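Only a predicted model underlies this, so the values are computations on that prediction, with no experimental measurement involved. Note that ligands are numbered from 1 as they come in the structure, with each ligand's atoms numbered from 1 the same way. For this chain, numbers begin at 1 and follow the sequence in order.
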Amino acid sequence: MTLPVPASTLEYFGVDALVDDDTRELQAAVRGFVDRRIRPHVATWYEEGHLPARDLARELGQLGVLGMHLDGYGCAGTSAVAYGLACFELEAGDSGLRSLVSVQGSLAMYAIWRFGSEEQKQRWLPRMAAGEAIGCFGLTEPDFGSDPAGMRTRARRDGSDWVLNGTKMWITNGSIADVAVVWARTDEGIRGFVVPAGTPGFTAPEITRKLSLRASVTSELVLDDVRLPADAMLPEAAGLSGPLSCLNEARFGIVFGALGAAHDCLQTTIEYARSRQIFDRPLAAYQATQLKLADMGLELGKGLLLALHIGALKDAGTLDHRQISLGKLNSVREAIAIARECRAVLGAAGITLDYPVMRHAANLESVLTYEGTSEVHQLIVGQVLTGHSAFR
Ligand SMILES: Cc1cc2nc3c(=O)[nH]c(=O)nc-3n(C[C@H](O)[C@H](O)[C@H](O)COP(=O)(O)OP(=O)(O)OC[C@H]3O[C@@H](n4cnc5c(N)ncnc54)[C@H](O)[C@@H]3O)c2cc1C
């Protein structure tokens with residue numbers, strides 16, 4: 001005899017009780033968009049290494065998720081928890097989709113919203129919130145990822161203009177961006193610049209041959225004597241704390257997003273195991289399978305409870321950015337473990353694009369690396385616990 005099962009492992013945890021009605025509605029709207037617009041196509045996009053980003057950006061703009069946690073300038077001004085749960089649903093579709101939204105809202109838009117002049121905000125934010133303009137965020141360089149303080153990209157004054165030279169690497173949305181927020185070394189320290197994509201000397205060749213985040217655009221940014229007017233600089237960001245505060249915003253979305261990918265893997269695997277007959281019984285009826293599913297469900301639920309706690313702290317205005325490291329480290333590490341275990345439960349079927357599991361597992365390899373690798377977040381946590389910095 002089989003007993004009724006919850007529609008989602010998270011229903012069993014009762015997490016819905018921690019979220020208000022408006023947030024639940026917003027989350028359901030994003031889930032509906034992903035079901036309708038992403039799930040039927042994403043395996044093909046992934047296989048072809050392609051994302052119809054421009055069309056999707058407009059639709060995501062209409063859905064209201066681009067820069068949704070920001071106030072004014074056409075942004076929705078939702079709570080942090082609502083933004084997190086939207087990331088959860090988007091990444092349940094594909095990490096590439098969530099990356100598009102994170103980079104747009106939490107990196108490019110946030111940088112302009114937090115550090116830009118009124119003129120920069122008026123010029124870019126309403127169009128970016130509507131998905132009519134796409135942004136990217138250039139911090140990482142070929143030789144400086146975890147240690148961006150070493151960056152070589154330079155901006156020098158020439159009269160009242162700025163002239164930028166350098167190369168940025170692994171930049172999400174780079175080749176399709178209308179505007180790039182680029183961080184560069186100046187005589188006054190690290191500063192941010194708003195670079196419209198058509199500026200002479202600015203090119204963004206796409207990085208190909210990726211085995212992860214294939215439904216996402218990743219690019220180099222090449223700046224070869226890119227001349228910008230004085231007002232292209234973000235006036236309020238001085239030093240590395242500027243780009244690092246943008247990364248904190250994007251990391252926050254990943255705390256929830258990675259668990260969305262894990263949830264999609266686990267639900268797919270539970271359904272598969274309940275229908276797959278092995279030695280005349282459902283795979284789900286074996287103790288060995290149930291031990292795996294129980295452990296994965298537990299980690300998923302614990303991860304979301306931590307994410308919701310971090311979200312509540314952010315909404316209360318009391319979140320210490322080092323607490324985001326706890327969530328990023330835990331969510332991505334557990335999500336990738338869940339995706340790999342689910343792949344094994346699916347057997348040979350698990351290696352195909354007929355199921356989302358290996359696609360999520362491969363995507364999560366990138367998510368493990370960007371926005372601070374697991375080791376970087378472990379070192380942040382280690383520093384909090386011991387008082388010693390072990391970065392160098
Ligand atoms: C798909 C994708 C999209 C991306 N999008 C963007 C983007 O939009 N904008 C952007 O600016 N960047 C982006 N990145 C870059 C990303 O942020 C960097 O890859 C990341 O910061 C790691 O840098 P790295 O790859 O140079 O690795 P490295 O910094 O070279 O690290 C290599 C290894 O060394 C470890 N390590 C580093 N420091 C220490 C230490 N002190 N002690 C012990 N181990 C250490 C790391 O954990 C890692 O395992 C993206 C990356 C990917 C893969």
Side-chain angles (χ1 to χ4, degrees), residues 46 49 51 53 91 94-111 134-153 166-177 179-184 190 192-193 195 197 204-223 237 240 242-251 253-254 257-258 261 325 328-329 332-333 336 359-383 386 388-392:
Y46 192 93
L51 185 73
E91 195 148 356
D94 193 82
S95 303
L97 178 70
R98 201 268 310 138
S99 298
L100 170 66
V101 171
S102 288
V103 169
Q104 177 85 346
S106 288
L107 292 179
M109 289 177 72
Y110 180 81
I134 294 180
C136 71
F137 181 90
L139 178 65
T140 305
E141 299 189 356
D143 292 330
F144 298 96
S146 303
D147 179 20
M151 71 172 66
R152 294 202 184 102
T153 298
T167 306
K168 298 291 178 180
M169 193 66 181
W170 307 114
I171 307 305
T172 303
N173 298 350
S175 320
I176 54 164
V179 60
V181 172
V182 173
W183 300 93
I190 291 170
F193 295 87
V195 185
E206 187 165 353
I207 296 171
T208 54
R209 309 191 78 195
K210 287 182 300 173
L211 296 174
S212 169
L213 277 193
R214 288 181 56 72
S216 172
V217 176
T218 316
S219 316
E220 244 180 284
L221 303 184
V222 181
L223 300 126
L240 201 58
L244 293 186
S245 71
C246 302
L247 292 183
N248 284 330
E249 293 296 303
R251 285 169 182 167
I254 294 172
S325 290
K328 205 271 181 181
L329 176 62
V332 185
R333 193 162 63 182
I336 210 165
R359 172 170 55 80
H360 284 308
N363 281 338
L364 287 165
E365 294 291 344
S366 288
V367 183
L368 197 71
T369 290
Y370 68 27
E371 306 295 347
T373 65
S374 285
E375 290 79 4
V376 163
H377 290 295
Q378 283 175 307
L379 291 175
I380 292 170
V381 174
Q383 186 177 351
T386 66
H388 289 281
S389 169
F391 280 94
R392 293 182 185 281

Please say whether Thr172 places an N or O atom under 3.5 Å from an N or O atom belonging to ligand 1. yes

Sub-4.0 Å atoms of ligand 1 with respect to non-hydrogen atoms of Leu379: 40 (C), 41 (N), 42 (N)

Could you tell me if Thr172 and Tyr370 have a donor-acceptor pair between their side chains, going purely by distance under 3.5 Å? no

Polar-atom distance check: Tyr370 versus ligand 1, any N or O pair below 3.5 Å? no

Run the numbers for me: atoms of ligand 1, each under 4.0 Å from some heavy atom of Leu213, listed by number. 1 (C)

Protein heavy atoms near atom 32 (C) of ligand 1, is at least one of them under 4.0 angstrom away? no

Is there a protein heavy atom at a distance of less than 4.0 Å from atom 35 (C) of ligand 1? no

Which atoms from ligand 1 have a heavy atom of Leu139 less than 4.0 Å away? 11 (O)

Looking at ligand 1, does any of its N/O atoms fall within less than 3.5 Å of an N/O of Glu375? yes

Is there at least one protein heavy-atom neighbour under 4.0 Å from atom 49 (O) of ligand 1? yes

Nearest-neighbour protein heavy atom for atom 26 (O) of ligand 1, which is reported as residue plus atom name and distance: Gly145 CA, 3.4 Å

Quick check: does Ser366 get an N/O under 3.5 Å from an N/O on ligand 1? no

Go through ligand 1 atom by atom and flag the ones less than 4.0 Å from a non-hydrogen atom of Phe137. 7 (C), 8 (O), 9 (N), 10 (C), 11 (O)

Is there a donor in the side chain of Thr153 and an acceptor in the side chain of Glu141, or the other way round, less than 3.5 Å apart? yes

Considering the heavy atoms of Phe391, write down every atom of ligand 1 situated less than 4.0 Å from one of them. 41 (N)

With a cut-off of 4.0 Å, which atoms of ligand 1 are near a heavy atom of Ile171? 7 (C), 8 (O), 9 (N), 10 (C), 11 (O)

Closest approach of Glu371 to Leu107 (non-hydrogen atoms, all atoms of both residues): OE2-CD1, 3.6 Å

Protein heavy-atom contact under 4.0 Å for atom 17 (O) of ligand 1? yes

Got a protein heavy atom sitting under 4.0 Å from atom 2 (C) of ligand 1? yes

Mark yes or no for whether Ser99, through its side chain, and Ser95, through its backbone, hold a donor-acceptor pair below 3.5 Å. yes

Taking atom 7 (C) of ligand 1 as the reference point, the nearest protein heavy atom with its distance: Trp170 O, 3.3 Å

Minimum heavy-atom distance between Trp183 and Met151, given as atom pair plus value: O-SD, 3.5 Å

Give a yes or no on whether the backbone of Val103 and the side-chain of Ser106 come within a donor-acceptor separation of less than 3.5 Å. no

